[in-house]
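Heads up, the thing below is written out as structure tokens.
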Amino acid sequence: MNEATAVTTVRAACPHDCPDTCAIRVTVQDGRAIKVQGHPDHPPTHGALCTKVSRYPERTYSADRVLHPLKRVGPKGSGQFARVSWDAALSDIASRLRAIAARDPQAIVPYSYAGTMGLLQGESMDRRFFHKLGASLLDRTICASAGGEALAATYGGKIGMHVENFAHSKLIIIWGSNSIASNLHFWTFAQAAKRNGAKLICIDPRKTETADKCHQHIAILPGTDGALALGLMHELIMNDWLDHDYIEQYTEGWPKLRERALQWTPERTAETCGISADEVRGLARDYATAKPAAIRLNYGMQRVRGGGNAVRLVAILPCLVGAWRDRAGGMLLSASGWFPVDRAALQRPDLMAGRQCRTINMSTIGDDLLREASPEFGPKIEALVVYNSNPVAVAPESPKVVKGFSRDDLFTVVLEQFMTDTADHADYVLPATTQLEHLDVHTSYGHSYALINEPAIAPLGEARPNTAVFRELAQRMGFDEPCFRDSDEAMARVAFSRDVSFDALRESHWVKLPLPDAPLAQGQFRTPSGKCIIDSPLFGVPDHVPNYEAPGSELAGRYPLAMISPPARNFLNSSFVNVQSLRDIEGEPVLEMHEADARARGIADGQQVRVFNDRGEYVCKAVHSKRARPGVVNGLGIWWRKLGARGTNVNEVTHQRLTDIGRAPSFYDCLVEVRPAAAAAT
Ligand SMILES: Nc1nc2c(c(=O)[nH]1)N[C@H]1C(S)=C(S)[C@@H](COP(=O)(O)OP(=O)(O)OC[C@H]3O[C@@H](n4cnc5c(=O)[nH]c(N)nc54)[C@H](O)[C@@H]3O)O[C@H]1N2
Ligand SMILES: Nc1nc2c(c(=O)[nH]1)N[C@H]1C(S)=C(S)[C@@H](COP(=O)(O)OP(=O)(O)OC[C@H]3O[C@@H](n4cnc5c(=O)[nH]c(N)nc54)[C@H](O)[C@@H]3O)O[C@H]1N2
Ligand SMILES: [Mo]
């Protein structure tokens with residue numbers, strides 16, 4: 001142990017799909033990453049990492065890593081593969097894709113999401129490749145497009161408060177967010193505000209660990225947030241708690257919405273939301289009288305049919321009371337629109353060369369894989385290239401997704417770090433590097449700092465970055481534009497059009513965007529008029545849109561329980577489910593039920609149950625839980641199917657109908673029935 005060992009510290013960024021995008025210091029000893037730590041000087045990270053990411057070395061060095069290219073040798077989904085060389089794999093993939101492209105390149109579909117949020121490994125060389133090929137485009141809607149497009153329709157972009165400024169708020173409404181689980185670094189600022197006397201209110205059908213720590217929890221029914229916002233507006237109008245000057249100067253279209261809000265008495269609102277009229281009145285009074293008041297909205301509340309309208313209604317609230325005048329007032333759903341990312345330079349849509357490629361919505365991949373060619377749809381999907389995503393586990397209505405991925409006439413390539421449910425269905429699995437093994441640059445949707453991620457260690461086994469794989473494939477397809485030879489560093493240098501230089505990132509690890517402290521204090525929304533748009537030319541005046549599968553509907557006669565499926569704290573979507581120490585904490589897939597709902601069905605605490613509707617059924621453990629309100633069950637996600645009971649997960653019962661705005665899935669708009677599994681007649 002006396003021998004001198006080379007210890008270095010490398011500048012990294014957390015790549016995961018989370019608002020926090022932490023600055024990380026990686027300690028490397030003799031070429032091995034031995035520790036990851038949150039950087040103490042990066043204000044949003046303030047030296048802390050979440051439980052999951054502090055296990056990043058365990059994930060990286062896991063014995064389960066895919067480290068060599070694999071070719072399928074058994075039936076699809078069986079997980080039987082044989083090791084092949086990169087050269088053999090890439091040659092065969094290129095020739096298969098070339099043959100399909102000769103008929104119609106749109107029969108080839110890329111499928112990716114935010115397994116890494118890095119601009120290079122997430123959305124650079126891959127996009128160039130598919131643009132040049134003329135493949136189908138992918139509408140990346142699975143998470144945030146309802147809220148994102150709604151916010152853009154209202155504010156002109158995905159813009160919001162600086163997360164640090166929540167520390168100075170006097171009221172924080174945490175709306176559709178389990179911050180302690182999914183936005184931990186915001187929670188630190190909320191706690192600082194609490195210590196300074198701020199009131200914290202949580203609006204969530206589930207009594208989450210975050211709700212436990214707030215002063216008040218308002219347990220609304222899923223999909224009724226738009227109604228609640230309208231009810232609050234009613235009270236703001238009736239009590240004249242409006243900032244008339246802000247409304248006059250910086251908003252457009254309020255008179256029409258004012259008329260609509262006047263229909264939403266506290267009693268009507270309470271009835272719709274499944275809460276009391278006093279809760280509506282009290283919330284309105286708190287919101288109007290505490291200054292500055294801030295809202296932390298998260299994407300949890302927009303995974304329902306009316307998610308887009310609901311986000312628009314909530315986003316209008318801070319304008320009505322002039323909360324934006326203060327740096328610690330306003331709202332944060334996403335801050336990603338502040339970043340000057342040069343997507344044209346990274347992704348080169350010009351390589352489509354005027355071709356009108358069709359678009360496939362990732363959220364309806366179940367249906368679309370099962371569609372035949374038609375004039376409306378275009379060619380049947382013949383090939384899928386999946387990276388940064390695990391659709392077989394995370395896409396809605398998995399019975400159809402699995403059926404589609406099991407098609408023998410579908411050619412599927414999956415770039416992965418692990419043998420996920422999706423990788424099991426591949427023809428080729430190509431080993432991908434982790435964040436410790438590649439270069440990247442990052443924006444954030446929860447703070448306003450750009451970051452660099454330097455590679456800390458050499459790629460393990462034969463793993464390659466996504467960029468390298470698409471660079472190689474481009475060469476084998478004969479794409480000879482110089483952009484297909486760009487190095488990762490060359491792409492990182494063009495990733496931002498201004499304000500953030502690659503050299504500055506290298507030098508200082510992160511760069512704070514030059515934004516005003518209270519960015520919307522004098523309007524300056526990113527809309528053409530600079531005002532907040534209430535009456536949108538595209539979407540009209542926002543309204544409450546009830547769920548597709550609403551309690552009280554005809555369907556509710558057969559399936560009376562509303563199911564939401566929010567993330568389990570120790571997983572990140574379906575990532576980390578395979579990390580043993582984290583799976584040990586989560587135990588097994590769980591359905592939280594209110595005791596009365598469970599007892600009415602003869603379900604004991606801890607009993608195995610079937611959760612089902614017309615689409616399918618999954619099996620898990622029911623727990624009698626104070627976290628569930630009557631009539632609503634919480635199926636915590638997102639387990640790998642093969643690690644859950646009977647090879648299923650919660651998406652067995654979700655559906656593919658899309659949101660009002662943004663063409664997104666409505667995961668939390670889902671009626672089910674629950675029965676003891678023992679009673680299953682199967
Ligand atoms: N630990 C952990 N962190 C994560 C993730 C994870 O899986 N695990 N996921 C990441 C991702 S992909 C994202 S998009 C972000 C945000 O991810 P989100 O999906 O927004 O996750 P949460 O912040 O947990 O917010 C969901 C909350 O909304 C509540 N909710 C469900 N339906 C409704 C409704 O109709 N109205 C209201 N008001 N609330 C509702 C749920 O009960 C839950 O507590 O978090 C990221 N961070
Ligand atoms: N029922 C239900 N379903 C949901 C949700 C829900 O709340 N309820 N949440 C939805 C939401 S918000 C989202 S964002 C989606 C998330 O869905 P996905 O974007 O599919 O996210 P993950 O499940 O985390 O899968 C990401 C995969 O990318 C891989 N990966 C990570 N880094 C790299 C890399 O550098 N290269 C390659 N090739 N692969 C990499 C990881 O190993 C992992 O398997 O799920 C959605 N599905
Ligand atoms: Mo997400």
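The residues of the chain are indexed from 1 along the displayed sequence. Just so you know, these numbers come straight off a predicted model, no measurement behind them. First listed ligand is number 1; within each ligand, the first listed atom is number 1. In what follows, every heavy atom counts, from backbone to side chain, and hydrogens, waters and symmetry copies are set aside.
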When only distance counts, is [X] in polar contact with ligand 2, meaning an N/O pair under 3.5 Å?
{"X": "V650", "answer": "no"}
{"X": "R59", "answer": "yes"}
{"X": "S574", "answer": "yes"}
{"X": "S575", "answer": "yes"}
{"X": "Y387", "answer": "no"}
{"X": "Q121", "answer": "no"}

Any side-chain heavy atom of Y559 within less than 4.5 Å of one from S553?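 The answer is no, as the side chains (C-beta and beyond) never meet within the 4.5 Å cut-off.
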
Any side-chain heavy atom of D17 within less than 4.5 Å of one from Y445? yes

Which of these passes side-chain hydrogen bond (donor to acceptor under 3.5 Å, both in side chains) with D212: H217, K626, R627?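 That would be R627.
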
Of the listed options [options], closest to [atom] (non-hydrogen atoms):
{"atom": "atom 42 (O) of ligand 1", "options": "N547, D204, N634, I174", "answer": "D204"}
{"atom": "atom 34 (C) of ligand 1", "options": "N298, D225, V314", "answer": "D225"}
{"atom": "atom 25 (O) of ligand 1", "options": "S182, G176, C202", "answer": "G176"}

Side chains of [X] and [Y]: is there a donor and an acceptor less than 3.5 Å apart?
{"X": "E58", "Y": "S581", "result": "yes"}
{"X": "N178", "Y": "T210", "result": "yes"}
{"X": "N309", "Y": "D660", "result": "yes"}
{"X": "S363", "Y": "T141", "result": "yes"}
{"X": "E586", "Y": "N570", "result": "yes"}
{"X": "R615", "Y": "T654", "result": "no"}
{"X": "N183", "Y": "N298", "result": "no"}
{"X": "D225", "Y": "Q302", "result": "no"}

For [atom], closest protein heavy-atom neighbour:
{"atom": "atom 1 (N) of ligand 1", "answer": "A181 O, 2.7 Å"}
{"atom": "atom 5 (C) of ligand 1", "answer": "L572 CG, 3.9 Å"}
{"atom": "atom 31 (C) of ligand 1", "answer": "Y668 CD1, 3.2 Å"}
{"atom": "atom 19 (O) of ligand 2", "answer": "Y113 CB, 3.3 Å"}
{"atom": "atom 40 (C) of ligand 1", "answer": "P205 CD, 3.3 Å"}
{"atom": "atom 46 (C) of ligand 1", "answer": "D17 O, 3.2 Å"}

Output the list of atoms in ligand 2 that are nearer than 4.0 Å to some heavy atom of [X], sorted by atom number.
{"X": "H438", "answer": "35 (O)"}
{"X": "Q417", "answer": "30 (N), 31 (C), 32 (N), 33 (C), 34 (C), 35 (O), 40 (C), 41 (C), 42 (O)"}
{"X": "I638", "answer": "3 (N), 4 (C), 5 (C), 9 (N), 45 (O), 47 (N)"}
{"X": "N651", "answer": "1 (N), 2 (C), 3 (N)"}
{"X": "T420", "answer": "44 (O)"}
{"X": "N390", "answer": "20 (O), 25 (O)"}

Output yes when the distance from some N or O of ligand 1 to some N or O of [X] is under 3.5 Å, and no in every other case.
{"X": "C18", "result": "no"}
{"X": "I203", "result": "yes"}
{"X": "N570", "result": "no"}
{"X": "R569", "result": "yes"}
{"X": "Y445", "result": "no"}
{"X": "F571", "result": "yes"}

For [X], counting its heavy atoms only, list the atoms of ligand 1 lying under 4.0 Å from any of them.
{"X": "G300", "answer": "18 (P), 20 (O), 25 (O), 26 (C), 28 (O), 30 (N), 31 (C), 32 (N), 33 (C), 40 (C)"}
{"X": "G223", "answer": "34 (C), 35 (O)"}
{"X": "C143", "answer": "14 (S)"}
{"X": "I564", "answer": "31 (C), 32 (N), 42 (O)"}
{"X": "W175", "answer": "38 (N)"}
{"X": "R206", "answer": "42 (O)"}
{"X": "N573", "answer": "6 (C), 7 (O), 9 (N), 12 (S)"}
{"X": "M301", "answer": "34 (C), 36 (N), 37 (C), 38 (N)"}

So is [X] in contact with ligand 2, going by heavy-atom distances below 4.0 Å?
{"X": "V414", "value": "no"}
{"X": "Y299", "value": "no"}
{"X": "R303", "value": "yes"}
{"X": "A114", "value": "yes"}

Measure from the side-chain N and O atoms of S145 to the backbone N and O of G148, and report whether any donor-acceptor pair falls under 3.5 Å.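 Pair absent, no side-chain N/O of S145 close to backbone of G148.
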
Test your reading of the model: is there a side-chain donor-acceptor pair from S398 to the backbone of N651, 3.5 Å cut-off? yes

Tell me whether R303 forms a cation-pi arrangement with Y668, defined as NZ or CZ under 6.0 Å from the six-membered ring centre and within 45 degrees of its axis. yes

Establish, yes or no, whether the cationic atom of R59 lies under 6.0 Å from the six-membered ring centre of F576 and within 45° of the ring axis. yes

Would you mind telling me if ligand 2 is within reach of the side chain of N388, the backbone, both or neither, using heavy atoms under 4.0 Å?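 Both backbone and side chain.
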
Ligand 2 contact on L415 by region, counting heavy-atom pairs under 4.0 Å: both

Single hit among Y111, F470, Y113 for ring pair (Phe, Tyr, Trp, His ring centres under 6.0 Å) with Y387: F470

Record the part of S179 in heavy-atom contact with ligand 1 below 4.0 Å; permitted values are side chain, backbone, both and neither. neither

How close do P222 and V632 get, counting heavy atoms only, and between which atoms? CD-CG2, 3.7 Å

Using a 6.0 Å cut-off, check whether atom CD of E462 has over 12 heavy atoms from anything other than its own residue. yes

Greater than 12 external heavy atoms within 6.0 Å of K213's NZ: no

Is the closest heavy-atom distance from C50 to ligand 1 below 4.0 Å? no

